[in-house]
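Structure first, then comments.
Quick note: residue numbers are just sequence positions, from 1.
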Amino acid sequence: MLQAHGPQGWWPGDTPFEVCVGAILTQNTNWRNVERALQNLKAAGPFTPEALWRLPPERLAELIRPAGYFNIKAGRLRNFLTLVMEEFAGSLERLFALPTSELRERVLAVRGIGHETADSIVLYAAERAVFVVDAYTLRIAFRHSLVDQDCDYDLLQETFTAALESDVPLFKDYHALLVRVGKDHCKKQAPLCAGCPLQPCSNPASRANRSERITTKGGLATRFGSP
């Protein structure tokens, strides 16, 4: 994948805090919409946990409107900001100073933040070696017979973690490259296998095009192949 597509440079963001906000806002939308929401937040005043936390909820929701589901996402973002403000004196650095397992659990405990979002924050913002998996990862792993169709988030994550050296830059680029291959080639319907860097696929085309029911633990899609 690296030879075919090169380094992906994930996660876009000027600061760890911007990475956190972006990870929360990117749920169920594309990055272009997230960028517009981030621009609105930056233009509205200081882009800090305290400044965003003190915004009226309706104002915060309006600013992030381009990211979609803005009322829901504003609530999730405020929940995360409340964690930082009330438990860590507004310091993201204090939160990120926790041991990796405890940090992950604290972020996961924030209402509205699932496994994928929490792990994205831990890996890309806190720079901890926690491998992020998503629906693209599941689709590719299933089609290459690495996991079964009933694989949940934890098992899928462990499959990759056990096979790779525990390394932050490696985990970042590996996850990003899987997303790239999922978007460009390993599509939900009519996968474009020609030119895919992971060819040959070990599954027949009939299996690759099926919509398999999977579990939903950890925020994975309710059907194989989403998004």
Side-chain angles (χ1 to χ4, degrees), residues 10-13 15-42 44 47-96 98 100-126 128 130-138 152-154 156-157 175 179 214-223 226-227:
W10 273 31
W11 187 290
T15 64
F17 179 59
E18 184 173 343
V19 172
C20 293
V21 176
I24 294 169
L25 296 184
T26 198
Q27 298 174 49
N28 301 308
T29 192
N30 61 60
W31 187 251
R32 185 173 301 175
N33 292 333
V34 174
E35 287 181 324
R36 293 169 57 200
L38 289 171
Q39 289 171 0
N40 287 348
L41 291 172
K42 292 178 179 180
F47 188 67
T48 65
E50 180 176 3
L52 297 192
W53 184 65
R54 293 190 180 282
L55 285 174
E58 62 275 8
R59 175 58 174 160
L60 180 62
E62 183 61 31
L63 290 170
I64 66 170
R65 179 184 286 270
Y69 302 98
F70 51 93
N71 286 318
I72 294 174
K73 291 182 179 180
R76 294 170 178 170
L77 181 54
R78 281 190 59 83
N79 292 341
F80 177 75
L81 294 171
T82 297
L83 169 70
V84 176
M85 292 300 302
E86 295 187 351
E87 299 188 35
F88 296 92
S91 172
L92 203 61
E93 291 76 14
R94 291 188 184 183
L95 172 62
F96 288 169
L98 294 175
T100 301
S101 60
E102 184 179 353
L103 168 61
R104 185 173 186 264
E105 290 305 315
R106 295 298 287 274
V107 177
L108 265 175
V110 175
R111 186 176 180 181
I113 292 185
H115 287 68
E116 181 186 343
T117 301
D119 286 342
S120 295
I121 290 172
V122 174
L123 173 63
Y124 290 104
R128 304 293 183 85
V130 172
F131 195 81
V132 180
V133 299
D134 53 23
Y136 294 114
T137 315
L138 176 61
D152 64 18
Y153 188 98
D154 293 334
L156 183 62
Q157 183 181 56
H175 169 235
V179 173
I214 66 168
T215 60
T216 58
K217 181 180 178 181
L220 288 173
T222 55
R223 287 199 178 266
S226 296

For residues [X] and [Y], determine if any side-chain heavy atom of one lies less than 4.5 Å from a side-chain heavy atom of the other.
X      : Y      : result
Tyr136 : Leu138 : no
Arg111 : Arg76  : no
Val107 : Leu103 : yes
Leu123 : Phe131 : no

With Glu35, which residues qualify under salt bridge (charged side-chain N to carboxylate O under 4.0 Å, His left out), at least two apart? none

Can you tell me how far [atom2] of [Y] sits from [atom1] of [X], rounded to the nearest 0.5 angstrom?
X      : Y      : atom1 : atom2 : result
Phe70  : Leu77  : CZ    : CG    : 14.5 Å
Ile64  : Leu52  : CD1   : CG    : 10.0 Å
Leu25  : Arg36  : CG    : CZ    : 12.5 Å
Arg54  : Thr48  : CZ    : OG1   : 9.5 Å
Ile121 : Arg128 : CD1   : CZ    : 13.5 Å
Asn28  : Tyr69  : CG    : OH    : 5.5 Å

Ring-plane angle category for Trp11 and Trp31, please: parallel below 30°, perpendicular beyond 60°, tilted otherwise.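 Correct class here is perpendicular.
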
Which word best sums up how the rings of His175 and Trp10 line up, parallel for under 30°, tilted for 30 to 60°, or perpendicular for over 60°? perpendicular

Taking only residues two or more places apart in sequence, or in another chain, which ones meet Ser101 in a side chain to side chain contact (heavy atoms under 4.5 Å, CB included)?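 Residues passing side chain to side chain contact (heavy atoms under 4.5 Å, CB included) with Ser101: none at all.
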
Which pair of non-hydrogen atoms, one from [X] and one from [Y], has the smallest distance, and what is that distance?
X      : Y      : value
Leu92  : Cys20  : CD2-SG, 4.1 Å
Leu41  : Phe47  : CB-CE1, 3.8 Å
Leu55  : Leu60  : CD1-CD1, 4.2 Å
Pro16  : Ala125 : O-CB, 3.6 Å
Thr100 : Val130 : CG2-CG2, 3.6 Å
Val84  : Ser91  : CG1-N, 3.8 Å

Asp134 versus Thr137, side-chain donor and acceptor atoms under 3.5 Å: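 Yes, side-chain donor-acceptor contact under 3.5 Å.
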
Set out, in order, the CA-CA distance, both residues' side-chain angles and the distance that settles side chain to side chain contact (heavy atoms under 4.5 Å, CB included) for Leu108 and His115, then state yes or no. CA-CA 7 Å; Leu108 265 175; His115 287 68; 4.0 Å; yes

Can you tell me if [X] uses its side chain to pair, donor with acceptor, with the backbone of [Y] under 3.5 Å?
X      : Y      : result
Lys73  : Ala61  : no
Asn33  : Thr29  : no
Thr117 : Ile113 : no
Arg78  : Trp53  : yes
Asn71  : Ala74  : no
Asp119 : Val132 : no
Glu50  : Met85  : no
Glu86  : Leu83  : no

Please determine whether side chain to side chain contact (heavy atoms under 4.5 Å, CB included) holds for the pair Asn30 and Val34, giving the CA-CA distance in whole Å, both sets of side-chain angles, and the decisive distance to 0.1 Å. CA-CA 7 Å; Asn30 61 60; Val34 174; over 6 Å; no

Keeping to residues at least two apart or across chains, list the salt bridge (Lys or Arg N to Asp or Glu O under 4.0 Å) pairs with something in residues 56-70.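 Matches after skipping sequence neighbours: Glu62-Arg65.
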
